[in-house]
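Below you'll find the structure, written out as structure tokens, and then a few comments.
The residues of the chain are indexed from 1 along the displayed sequence. In each ligand, atom 1 is the first atom listed, and ligand 1 is the first ligand listed. Not measured: the values here are computed from a predicted model.
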Amino acid sequence: MSSGSSDHGNVTTSHSQSILARLPKCEHHLHIEGTLSPSLLFELAAKNDVDLPDRPEFASQEALEEYYKHFTDLQSFLDAYYVGSSVLITADDFERLAWDYLTAAKRDGVWHAELSFDPQAHHRRGISIDVVIEGLSRATKRAEAELNMSTCLIFCLMRDLGLNLALKTLRLAEEHIRNGTIVGIGLDSTEVGIDFKSFKPLYDLALSYGLRITAHAGEEGPPQNVWDTVDVLGCRRVDHGVHAAEDPALLQHLADTRTLLTVCPISNVCLKVIEHVRDSPLPQFLAAGVPFSINSDDPAYFGASGILECYQAVQNAFNWGPEEWLWICRSSIEGSWMDDEKKDKMLAACNVVLAEWESARGRNNLGR
Ligand code: ADE
Ligand code: ZN
């Protein structure tokens, strides 16, 4: 998925590149539908006899790849993303998508992957939630057995479809929640015109099922959406959260409550949330003691930039050293939904890589 240099900033030194490649990683913010490449999209559309819209961008794989380079905002991306999702029909399609992602993530150094998916985007097209979960869980189980990765599935509800449909959809997954296949819920899609507080009954239901909880907030929307996510919905994890940087009291609150922001800097550039990765508020999060992880969001729509490329883009922008990367590793591991034994193992492995970096810096004056 990724190689040394990046289109999203300067070129990192080869030393820090190799360190970042070797760092054990957690991916917390990845929409599996967002890993559907244009080539697989056309292949599955043909196999499943799905009619794509009669619009110029769907005329060919090349036209679609070009179109993906010019999103103007979140909604322009979502419009393409839901069309893309419509070619996924069978459990095998979902399995293949997830397996392709998991093998690429393994190459990028991911030890623990939390995969979000949008059940409503499929259910409203007549695809049963059981089919979606069957395909995804075949791939995640295989990754646990063959790739030695831990995985989670996050049931992500679309907030523009409203509370009632979200509640109904979550209830459809009860069996998969009971048997541990679904471990958490998320909330995604647009933030425009949404009252986050209205989703409190959904979060109460999820907590009553024993699920973990997260929600997209503060991607395009104001800091108030992040406040509502933590204060009203009760989340100790927020997906994106970049606009939290505008509110010092909120930063303090996120730091005090050790709330993890799962940030996606390349996504933010592609969706015009920020102009460059160097404009991302990550240094403010670091200074304020806010935990954050770095994630790829929808890599197939954002130049096939997997998690390692996201790490490299951040390094290109900020030229950090082992101390800052230790903060990111610690935040990622502590905020993960994996067991404590794996957390300890992963932190120890990160410490080994970062200690090497530290000592190489001292020995060779290699810098960052
Ligand atoms: N669904 C998939 N990617 C998303 C994003 N970046 N923001 C909101 N909803 C999404
Ligand atoms: Zn997202």
Worksheet, complete the sentence: The atoms of ligand 1 lying under 4.0 Å from a heavy atom of H240, numbered in the order shown, are 6 (N)
Worksheet item: Using 30° and 60° as the class limits, which term best fits the ring planes of W325 and Y311: parallel, tilted or perpendicular?
Response: parallel
Worksheet item: Does an N or O from Y82, backbone or side chain, lie closer than 3.5 Å to an N or O of ligand 1?
Response: no
Practice prompt. Run the numbers for me: atoms of ligand 1, each under 4.0 Å from some heavy atom of L74, listed by number.
Written response: 5 (C), 7 (N), 8 (C)
Worksheet, complete the sentence: Of all protein heavy atoms, the one nearest atom 3 (N) of ligand 1 is D298 OD2, 2.8 Å
Worksheet item: Is there a heavy atom in G34 that sits closer than 4.0 Å to ligand 1?
Response: no
Discussion item. Is a donor from one side chain sitting under 3.5 angstrom from an acceptor on the other, for H31 and S116?
Written reply: no
Response to the item:
In terms of heavy-atom contacts, E33 and Y81 come closest through OE1-OH, 3.4 Å
Worksheet item: Is the shortest N/O to N/O distance between D118 and ligand 1 below 3.5 Å?
Response: no
Discussion item. Within the 4.0 Å heavy-atom shell around F77, which atoms of ligand 1 are there?
Written reply: 2 (C), 3 (N), 4 (C)
Item to complete: Please report which non-hydrogen protein atom sits nearest to atom 9 (N) of ligand 1, along with the residue it belongs to and the distance in Å to one decimal place.
Response: S189 N, 2.9 Å
Discussion item. Parallel, tilted or perpendicular: which one describes the rings of F77 and Y301, with boundaries at 30° and 60°?
Written reply: perpendicular
Worksheet item: For Y67, is the NZ or CZ atom of R55 found under 6.0 angstrom from the centre of its six-membered ring and inside 45 degrees of the ring axis?
Response: no
Discussion item. Could you check whether any heavy atom of L78 sits closer than 4.0 Å to an atom of ligand 1, since that is the contact criterion I want to use?
Written reply: yes
Practice prompt. Looking only at distances, please establish whether an N/O atom of ligand 1 is found under 3.5 Å from an N/O atom of D297.
Written response: yes
Fill in: Test ring-ring contact (aromatic ring centres under 6.0 Å, His included) applied to F94 and H122, step by step
CA-CA 11 Å; F94 287 95; H122 311 299; 4.8 Å; yes
Response to the item:
the Zn ion (ligand 2) has as its nearest N, O or S atom from H216 the atom NE2
Worksheet item: side-chain contact (heavy atoms from CB on, under 4.5 Å) with L102: which of T35, V110, L115?
Response: L115
Worksheet item: Which angle, to 10 degrees, forms at the Zn ion (ligand 2) with NE2 of H31 on one side and NE2 of H29 on the other?
Response: 110°
Item to complete: Name all residues meeting the side-chain hydrogen bond (donor to acceptor under 3.5 Å, both in side chains) criterion together with D92; count only those two or more places apart in sequence or in a different chain, and write none if there are none.
Response: R138
Practice prompt. If the plane angle is over 60° it's perpendicular, under 30° parallel, otherwise tilted; pick one for W320 and F318.
Written response: parallel
Discussion item. Could you identify the single nearest non-hydrogen protein atom to atom 4 (C) of ligand 1 and state the distance to 0.1 Å?
Written reply: H31 NE2, 3.6 Å
Discussion item. If you consider just the N/O/S atoms, which atom of D297 is the closest one to the Zn ion (ligand 2)?
Written reply: OD1
Practice prompt. Answer yes or no for E33: is there a heavy-atom contact with ligand 1 below 4.0 Å?
Written response: no
Worksheet item: Which one holds for E219 and ligand 1: side chain close, backbone close, both close, or neither close, with close meaning a heavy atom under 4.0 Å?
Response: side chain
Discussion item. Can you tell whether the side chains of R171 and E174 come within less than 4.0 Å, N to carboxylate O?
Written reply: no
